[in-house]
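So that the names make sense, note that chain A is the first sequence line, chain B the second, and so on, each numbered from 1.
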2 protein chains.
Amino acid sequence: MTLSATTAGTTPGTSAATGVPVAPTTGLRRGVGVGDVTLDPAGFWGRRQGVNARATLGHCLAWMERLGWIANFDRVARGETITDRPGWQFSDSEIYKLLEAMAWELGRSDDPALQETFEALVARVGAAQDADGYLNTAHGHAGLAPRYSDLAMGHELYNTGHLLQAAVARHRTGHDDELVRIGRRAADQVCEEFGEGGRDAVCGHPEIEVALVEAGRAFGERRYLEQARLFIERRGHGTLAVRPLLSAEYFQDDVPVREAVALRGHAVRALYLSAGALDVAVETGDDALFDAVARQWDRTVARRTYLTGGMGSRHQDEGFGDDWELPADRAYCETCAGVGSVMLAWRLYLATGDARYPDLIERTLFNVVATSPSDDGRAFFYANPLHQREAGAPAGAGVNGRAEGGVRAPWFDVSCCPTNVARTLASLGSYTAAVDERGIALLQYAAGEVRAGGFVLTVQTRYPDAGAITVRIDEAPAGDARLRLRVPGWAEGATLRVNGGDASPVRPGWADVTRTFSAGDEVALLLPVAPRFTWPDPRIDALRGTVALERGPLVLCLESPDLPRGVTMENIRIDTAHALEEHGDGALAHGSAVDGPADDGLPYGPPPSERVGRPALGLAFVPYHRWAERGPATMRVFVPA
Amino acid sequence: MTLSATTAGTTPGTSAATGVPVAPTTGLRRGVGVGDVTLDPAGFWGRRQGVNARATLGHCLAWMERLGWIANFDRVARGETITDRPGWQFSDSEIYKLLEAMAWELGRSDDPALQETFEALVARVGAAQDADGYLNTAHGHAGLAPRYSDLAMGHELYNTGHLLQAAVARHRTGHDDELVRIGRRAADQVCEEFGEGGRDAVCGHPEIEVALVEAGRAFGERRYLEQARLFIERRGHGTLAVRPLLSAEYFQDDVPVREAVALRGHAVRALYLSAGALDVAVETGDDALFDAVARQWDRTVARRTYLTGGMGSRHQDEGFGDDWELPADRAYCETCAGVGSVMLAWRLYLATGDARYPDLIERTLFNVVATSPSDDGRAFFYANPLHQREAGAPAGAGVNGRAEGGVRAPWFDVSCCPTNVARTLASLGSYTAAVDERGIALLQYAAGEVRAGGFVLTVQTRYPDAGAITVRIDEAPAGDARLRLRVPGWAEGATLRVNGGDASPVRPGWADVTRTFSAGDEVALLLPVAPRFTWPDPRIDALRGTVALERGPLVLCLESPDLPRGVTMENIRIDTAHALEEHGDGALAHGSAVDGPADDGLPYGPPPSERVGRPALGLAFVPYHRWAERGPATMRVFVPA
């Protein structure tokens, strides 16, 4: 679908841009505001949003205070000569992502204590801003490297981008206060420095692009958008100084955005860049650019994406691999790439209305974003592999130096993921529904209330544990309106009932009810969430001969604490002819344990013989997002069949 | 087998220690000297050794001159304040490895022009040595970091280790001249600084250990051995300062050598360390240490080694993976790890006489070491993957920044492999045979002449192209002696004939002929080199459902230039029921092309259907070591069956 087709006949405007992270000024659809959604605190997402508010925000703040990342702002403000700065050159961005998370949370809950914490933190950040708007604690001040002296790895514009996203969040939740002013000054400085006739350069880590477009939308500054457009067009011409052992592809500086075939290089960089490019395309009506990114998404989803929605196959460079390079064991699937994928798919949905995009968002939210934080919101996965061969060492209470999977850690040396999870959970409501001229679409199912587009809807569901979703209309707009429910791609056999009528089959995509709604109307969607087998494409070499289990939107996994005694991960074979059974919120599969060859020299030779050692094993699978909650374990999602 | 068992009753001595890289003062076996073997210049290895001498040595010298790595010695000698030093902190080691290669080559061929080049280079190196023996161009001089100020990543002792190996090569080839004096002074300084009561520390990159033992053996200095022992014992106690994103395991500093279970962390580091530990064990009669390393080798070969003999499954950290983590596509299999594996297996063989070790050496020499250099000896593979999904970009004539596989490059930013190949090929003769009290053992088959243990043997063979190996005895010791021929592990069905008698079947391991030999005697070994299928252990997830082809000691591969038109690497299926046919020096397999699912959303879903598109395809496989000689290509060793 091309952009001109989707935007034809729409009315640009910013009036509805309240409480949302993304607000195109063109296009039919608009996400609902964070303040327009109340998630049931006992539901899957409501509970996580609550833990995020009560635990994660404070956890991140405490860690960054303890490590001196926040004090870096105080030191710049005091004019210290800084020679021993703690934190990486991108640590400022973590404070900004936390501010963004706090801003969304305040937009949702308006907690006075959080408001106070937020304002105090904003004041410390603002005190470090130079008169011309430049704000960075790792460059441009006494003792530090000069401004913009290392565009490839300095992350200055990356940091500024996250500052802008925080400022947008603050503005969109009804405040035109200090953080907004700080953000605008910083954006102005970027335009001054990098605008037409200024430095002809880009930042090694994309982020400023997506942020400038949104700041332009929020603050009505067309030149921010223009600056974003310049950054997008300048990229891909090899202007970044490539470090030894890093390639231009790592930075997506090898090929211009509009000429690339698939997402490549560092996964988070690729996803943030694509989101920014889409925003520019949407705002400037650039069909060719839009189609280029949409095609790259298609190819990336078809050939470079994990069952969990995770992206990034390589630890090396935290990067995408080649097509079909999707190893389960060394899947990097960085949590931040999951967040980036949600950002990109969300923009594609807003522009096109295609249900494939919220489908991928759902998969990614349940199986990447929800997997990262521990139940208590104080430890996180950075990488999200689909196969853990050796149980990780317990993370301990300190900073975790490595981003390996296997254990959730309270904090990382490079700690991008915790704050990224925090800002996503705080703004999650906005992704659950969208309004357009014809009504409202429910995109993600979570128990709670949605107030938008003239509707007040109460959603009752135990999803994803159960597949029944009842939408009660408490208020409705006058006249005909459309209530659109997303039927996930996996939900073959779903049915819809309106006001207790007959159940009609609905196909994956959209189930629409268009009528004049009255308070008390009820629309019930039944999604089949019985556990099912899922097979990989035969071109994925690393998964040949295996099968996975899914249950509704949840990917399941087999974890060592659930293995029958005397059975190892290596000697299990699943019997796909034997039906799966419900088992708590997971599933019970049947299979056998085989006795394989003994270790005897090189593991290559004549056809290996396997002897069934224990037939008729029952194998209990649990939701992947919960794995390692019981301590370090081995685990696999794809099991030999 | 324990060390005490193998060394019981042996006579320590150094008299035979001529021309060999490794000369234990205990033990039954001794490799033959580089000067005792003349390889036929038309044979597989003779040709490569000739290209190495004629092309590679000069190629390496020219590159290091051009890049200023050699001039770094001149600058130190002149006392310059150095602020802009080219090359990594380990670039000195490349000059030393080249000197070692030249020394072996001179020990073999005594070329006056090479002698002159060698002496000039030694003089430049020597001029940079401090009065106390310290020699390093990246530390310890004006403008540079102080001596031993960064033991984790500074590589100072690593560099010194390679200097010592060069000095040993020079000494063992009959010269007690300048390079030997430089080496001894450097070794003395290391003992001074790191000896009992000195710095209680180790180097981040092992190498000094193996080098000190050999220097101790060559120069009769027991304290060098003692220093090596100290370094081995100190390792594994977490004394190295771990960098962000690097772990103690990377440096093998997580667990003491004698407690480790398998090789782990950075593969080259692990292999060099293990070789040094074995040397220490052998010299000190430390059975426990010996057995620990031997067990680690067993486990590593059984679970962490590729069909090619390649080691190192991860690009990240250039490291070993977990057990069974052996992806074909992202196999790192660094060329230097192949060299390190030969070093380790050679020491195990000398101590035990077990044929498994020269078996792995053969596999590694043919499929890793021989794969690296191009036919002209002026370009090299750094990584040696077993599956190339996308054809690499041509390497160009400049320095290659990345160590990715797919194209041989003339030089690398980190260029450890070219000089490692050079020193291995120059000293290759020493690995082809060994003598002991009972006679001589032929370990690697190459056309040429061997003079050792009272024998003069002419080996006639076209191996590995053909399996017939004829050994003519031109001279023999008086009285009974044993001529021992290695029968490779894959060679089921081999036969042996003595002086034209009946062919007797011989089993993998050793074929022995013990008698009083006379000039003119002939022993003929016939190895079955018909192409064969080889299956992976079912625990190697990444290879499930595939099969490989081998031919004698050669791993074969399917390369895109040989694909039938319209067929891609992804849609080939091999028919293992159809016999393989000879096809040049490769093989012809039969299979079919399948039409797989179309790209349509995520590559996971119901059982994938494959429709045979083109049956009865003939698929020509070529030796893996030749791949990409025809230009960038896609390639795979393991093909779905």
Side-chain angles (χ1 to χ4, degrees), chain A residues 88 242 244-247 298-299 301-303 305 307 314-316 321-330 356 360 363 387 389-390 401-403 413-414 489 533-546 548 570 576 594 596-597 599-608 610 640, chain B residues 88 242 244-247 298-299 301-303 305 307 314-316 321-330 356 360 363 387 389-390 401-403 413-414 489 533-546 548 570 576 594 596-597 599-608 610 640:
Chain A
W88 287 88
V242 170
L245 309 184
L246 285 181
S247 66
D298 285 345
R299 170 77 168 246
V301 168
R303 300 188 171 196
T305 301
L307 182 62
R314 298 181 178 176
H315 283 241
Q316 180 73 41
D322 292 338
D323 286 350
W324 313 117
E325 183 188 324
L326 292 162
D329 50 0
R330 294 293 285 171
R356 294 182 304 148
L360 187 74
R363 186 173 285 278
H387 182 182
R389 293 175 185 277
E390 294 184 11
R402 296 284 293 187
D413 181 55
V414 172
F533 287 115
T534 301
W535 282 262
D537 187 292
R539 288 168 291 187
I540 306 175
D541 290 293
L543 303 178
R544 183 171 290 110
T546 68
E570 287 81 32
T576 57
V594 296
D599 281 14
D600 179 25
L602 280 173
Y604 312 97
E610 287 185 346
Chain B
W88 287 88
V242 170
L245 309 184
L246 285 181
S247 67
D298 285 346
R299 171 76 169 248
V301 168
R303 300 186 172 198
T305 300
L307 182 62
R314 297 180 178 177
H315 283 242
Q316 180 73 40
D322 292 339
D323 286 349
W324 314 118
E325 183 189 325
L326 292 162
D329 49 0
R330 293 294 285 171
R356 294 182 305 149
L360 189 73
R363 186 173 284 279
H387 182 181
R389 293 174 185 278
E390 294 184 10
R402 297 284 292 186
D413 181 53
V414 172
F533 287 116
T534 300
W535 282 262
D537 188 292
R539 290 168 290 188
I540 307 175
D541 290 293
L543 303 179
R544 183 171 290 110
T546 67
E570 288 81 33
T576 57
V594 297
D599 282 12
D600 178 24
L602 279 173
Y604 312 98
E610 287 185 346

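- Considering OH of Tyr604(B) and CZ of Arg363(A), their distance stands at 9.0 Å, rounded to 0.5 Å.
- For Ile540(A), the part sitting under 4.5 Å from any heavy atom of chain B is the side chain, from C-beta outward, and nothing else.
- With respect to chain A, the highest number of heavy-atom pairs below 4.5 Å among Pro538(B), Pro327(B), Gly596(B), Gly545(B) belongs to Pro538(B).
- Each of Thr305(A), Asp600(A), Thr576(A) has some count of heavy-atom pairs under 4.5 Å with chain B, and the biggest count is that of Thr305(A).
- Arg330(A) contributes atom CZ, which lies 10.0 Å from atom CD of Gln316(A) (distance to the nearest 0.5 angstrom).
- With a threshold of 4.5 angstrom between heavy atoms, Arg544(B) approaches chain A through its backbone and through its side chain.
- Within the 4.5 angstrom heavy-atom criterion, atoms from both the backbone and the side chain of Trp324(A) approach chain B.
- Contacts of Pro606(B) with chain A are made by backbone atoms alone, with heavy-atom separations under 4.5 Å and no side-chain atom involved.
- Ranked by heavy-atom pairs under 4.5 Å with chain A, the list Pro536(B), Pro607(B), Pro608(B) is led by Pro607(B).
- Heavy-atom distances place both the backbone and the side chain of Leu602(B) under 4.5 Å from chain A.
- For the set Ala548(B), Gly321(B), Ala328(B), Ala302(B), the entry with the most heavy-atom pairs within less than 4.5 Å of chain A is Ala302(B).
- Ranked by heavy-atom pairs under 4.5 Å with chain B, the first of Gly601(A), Gly605(A), Ala542(A) is Gly605(A).
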**Message:** Walk me through whether Arg314(A) and Asp322(A) qualify under side chain to side chain contact (heavy atoms under 4.5 Å, CB included).
**Reply:** CA-CA 10 Å; Arg314(A) 298 181 178 176; Asp322(A) 292 338; 3.8 Å; yes
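- Across Trp535(B) and Thr546(B), no two heavy atoms sit closer than the pair CD1-O, 4.1 Å.
- For the options Arg389(B), His387(B), Glu610(B), heavy-atom pairs under 4.5 Å to chain A are most numerous at Arg389(B).
- For the atom pair CD (Glu570(B)) and CG (Asp323(A)), the distance works out to 8.0 Å, reported to the nearest 0.5 Å.
- In this structure the side chain of Arg539(B) reaches within 4.5 angstrom of the side chain of Asp599(A), judged on heavy atoms.
- Chosen from Leu326(B), Asp537(B), Asp541(B), the residue pairing most often with chain A at heavy-atom distances under 4.5 Å is Asp541(B).
- Side chain of Arg356(B) to backbone of Gly489(B): no donor-acceptor contact under 3.5 angstrom is found.
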